[in-house]
Amino acid sequence: MGMQTYQFSEDQAEAYDAVADVLKRAGVDLTDGIALPAPPDKSSVMAIVGRAGSGKTMLLSRLHNALDEAGVEIVSADFESRKKRERRTLAILAPTNKAASVLRGNGVPATTIHRILYTPLYDPEYEKVAEWLAGSGERPTIEGLTDAALDRAAEFFKTNQSVPGALATAGLRGSDFIIGWKRREDPLDIGFVDEASMLDEKQFEDLKEIFPTLVLFGDPAQLAPVGQSGEMVFDNFKEPRKQTLSRIHRQEADSPILDLAHDLSDDSLTFSDFEDRIQAAAARDDRVIIAARVDADKMARSPVLVWRNVTRIRLIQAFRGAFGAPPDALIPGEPLICDGIELPLKHRKRRIDLEARGLIKGQQVVYLGAGRKPGFSRLHVVGAVDPQISAASIVKIEFPDQEEPFIPYAARMGATFLHGAAVTIHKAQGSQWPDVQVFAPDIWAAAQSGRVEAGLPLWKRLAYVAITRAQERLFWVTRYALARPTQELSIADLSKPAPLELEANKEEEV
């Protein structure tokens, strides 16, 4: 009901109308709720930009609802019916699994950019179930699947629109019904991209090839992708191709964290002034906390955000020491960050399998324990729809003042991981956590450096990105110290279905 009574601000209304105009030229009329076949050779790209609290996610959600009501099919990347190719489609994308899961938590059926590049190949028998769930086929009779199991699958799909999730509800594992993956060959239709400030030029060009109509939603105050001279792909767009939203002020829902983020747009604000404002916010609101020490317990599920690499490594070592982790092995519950996939070109299929399961560069995972095969690890992929897998892993433990990381154990090839108890603010973009710890001495060091990025002092961009990762509470850590944990590291908070064995990554085949 809240969605129906929500009133657009003036600039939200203008942005909505601008997108509606682009969609109308592409054959989808949101006013009349009509979706006509796509006109040939029509393509357009536009951007909706605004800082945190400007209502980008609300606008994206309202546009998604309007397209759904106009009969546009939502493509989830889980399954695409062969029988509906003539229908208009919408895909809602985010650069990371975590960012996609934030959107899904807001009722928007998002997937990752990477996942939309690949399509799953279903076992023909279970494809009949997928077609039935998607409304394109008769209710099937499948050996081993009872009527009650099919009813459970249908009930799940009605709410979540996920074919793999529905089949899992029926008692199947992904490896039962997905037999492989292939790179997308056919273009799609309409694409919405959240967190578009993270896009690099290559990803942007890939998306323009796939989507004739592309709408980017991004924050111009965030950090630009590494290697892009501080520029974002939408920076040079002009109106009406770029619509800018200003902050929405709502008395009841006002957030001290968004207030602080808004303060950073003041050109005259110094780092000292900003810390004074944080002190004042903490004095009047318990959602902002001045902390003398990093909290080790919180690091297990939301990393401390830092600027300097040396800070990151020292905090990780302090975390591991506090929890009694041995230097030559991981213990269950340790957070990791995927650092890429080390496989030669000839093993492209294995790479696709890993990436399609969510193991993309920068992805957060939690170590659950050793796999059944040497060099394999059981992992929980944070934010993924199907989060628990077992994969060939190369885990790197870094130490201060040592150029080469220590590798306690590893497959010869596979997904590579760094520790994730602390991450750089750059890597945290696209993610949010209920509680976030920001390491203030690093922000101060950036301020002392005097560096500027795309016309803004670097420390302000870093502070802005770091504090806006916090959904509920911000911890501003002022000293280089660690508060010891109050409990042992655990995986009890993670759901534990049987992990999928990535058969395409058997070590003996690599």
Side-chain angles (χ1 to χ4, degrees), residues 11 15 18-19 21-23 25-26 42-52 54-57 59-60 63-64 77 90-100 102-103 108 110-117 184 187-246 265 355 360-363 424-432 452-456 458 460-462 464-465 468-469:
D11 52 12
V19 176
D21 187 49
V22 165
L23 293 171
R25 291 199 300 273
K42 282 269 186 183
S43 64
S44 56
V45 181
M46 71 171 296
I48 310 293
V49 302
R51 291 183 173 227
S54 61
K56 296 186 298 297
T57 301
L59 184 60
L60 190 158
L63 286 163
H64 153 247
L90 166 69
I92 301 167
L93 313 175
T96 67
N97 284 290
K98 184 74 171 157
V102 169
L103 282 175
V108 178
T111 189
T112 62
I113 292 169
H114 200 92
R115 271 292 281 110
I116 211 71
L117 295 175
R184 177 175 299 283
L188 286 169
D189 188 358
I190 302 163
F192 288 174
V193 184
D194 197 27
E195 296 285 357
S197 51
M198 296 176 67
L199 289 179
D200 60 33
E201 286 291 347
K202 173 70 168 63
Q203 289 172 314
F204 184 43
E205 292 304 318
D206 283 347
L207 289 169
K208 284 195 292 185
E209 283 183 19
I210 295 172
F211 296 100
T213 304
L214 190 61
V215 184
L216 310 179
F217 294 79
D219 186 334
Q222 290 199 9
L223 293 154
V226 176
Q228 287 207 189
S229 307
E231 284 201 344
M232 297 169 190
V233 294
F234 49 71
D235 278 350
N236 295 320
F237 287 18
K238 306 295 183 191
E239 285 195 8
R241 285 183 67 212
K242 181 161 73 173
Q243 297 287 319
T244 302
L245 306 180
S246 55
S265 61
E355 291 175 337
I360 52 182
K361 193 174 176 70
Q363 174 62 39
T424 61
I425 294 167
H426 248 111
K427 271 200 166 73
Q429 289 194 133
S431 295
Q432 283 190 301
V452 173
E453 186 177 285
L456 269 181
L458 176 62
K460 288 187 176 182
R461 284 193 184 272
L462 290 166
Y464 177 86
V465 171
T468 54
R469 300 311 91 201

Any Leu207 side-chain heavy atom under 4.5 Å of Leu199 side chain: yes
Does NZ belonging to Lys42 count more than 12 external heavy atoms closer than 6.0 Å? no
Can you list every ring pair (Phe, Tyr, Trp, His ring centres under 6.0 Å) pair that touches residues 191-223, not counting sequence neighbours? Phe192-Phe217
Side-chain heavy atoms of Leu458 within contact of Val452, under 4.5 Å: no
Would you please name every residue forming a side chain to side chain donor-acceptor pair (under 3.5 Å) with Arg241, sequence neighbours left out? none
Checking side-chain contact (heavy atoms from CB on, under 4.5 Å) for the pair Thr213/Leu23: CA distance, chi angles, key distance, verdict? CA-CA 8 Å; Thr213 304; Leu23 293 171; 4.1 Å; yes
Rounded distance [0.5 Å steps], CD in Glu453 versus NZ in Lys460: 14.5 Å
Around atom NZ of Lys427, are there more than 12 heavy atoms of other residues, nucleotides or ligands at under 6.0 Å? no
Can you give me the closest heavy-atom contact between Ala100 and Ala94, atom names plus distance? N-CB, 3.6 Å
Any side-chain heavy-atom pair of Leu90 and Ile92 under 4.5 Å: yes
For Ser431, which residues count as a side chain to side chain donor-acceptor pair (under 3.5 Å) partner, sequence neighbours excluded? Gln364
Which residues satisfy the salt bridge (charged side-chain N to carboxylate O under 4.0 Å, His left out) test with Lys361, sequence neighbours excluded? Asp339
Contact summary for Met232 and Pro220, nearest pair of heavy atoms: CE-O, 3.7 Å
Contacts of Asp219 that satisfy side chain to side chain donor-acceptor pair (under 3.5 Å) - sequence neighbours left out: Tyr464
Minimum side-chain heavy-atom gap Asp194-Leu93 below 4.5 Å: no
Pairwise side-chain contact, Gln203 with Val233, heavy-atom cut-off 4.5 Å (strictly under): no
Least distance between heavy atoms, Ile116 atom then Ala91 atom: CD1-CB, 4.1 Å
As a quick check of understanding, evaluate side-chain contact (heavy atoms from CB on, under 4.5 Å) for Val215 and Val193, giving each step before the final call. CA-CA 6 Å; Val215 184; Val193 184; over 6 Å; no
Give every donor-acceptor pair under 3.5 Å between a side-chain atom in residues 44-52 and any protein atom, sequence neighbours left out.
none

Sorted by chain and number, sequence neighbours left out, side chain to side chain contact (heavy atoms under 4.5 Å, CB included) with Ile210 holds for Leu117, Arg184, Leu188
Heavy-atom nearest pair, Gly430 first then Glu195, reads CA-CD, 3.8 Å
State which residues pass side chain to side chain donor-acceptor pair (under 3.5 Å) with Ser197; sequence neighbours excluded, sorted by chain then number. Gln222
Please list, chain by chain and in numerical order, all residues satisfying salt bridge (charged side-chain N to carboxylate O under 4.0 Å, His left out) with Asp189, sequence neighbours excluded. Arg88
Using 0.5 Å steps for rounding, measure from the OG1 atom of Thr57 to the NE2 atom of His64. 13.5 Å
Any residue meeting side chain to side chain contact (heavy atoms under 4.5 Å, CB included) with Asp206, in chain and number order, not counting sequence neighbours: Arg183, Lys202
Does Gln429 offer a backbone N or O that forms a donor-acceptor pair with the side chain of Arg469 under 3.5 Å? no
With sequence neighbours excluded, tell me which residues meet side chain to side chain contact (heavy atoms under 4.5 Å, CB included) with Glu209. none
Are the side chains of Leu462 and Leu223 in touch, meaning some heavy atoms are under 4.5 Å apart? yes
Locate the shortest heavy-atom distance separating Ala224 from Glu231; write the atom from each residue and the value. CB-O, 3.5 Å
Residues which pass ring-ring contact (aromatic ring centres under 6.0 Å, His included) with His114, listed by chain and number, not counting sequence neighbours: Tyr118
Quick one: do Glu239 and Lys242 make a salt bridge, cutoff under 4.0 Å? no
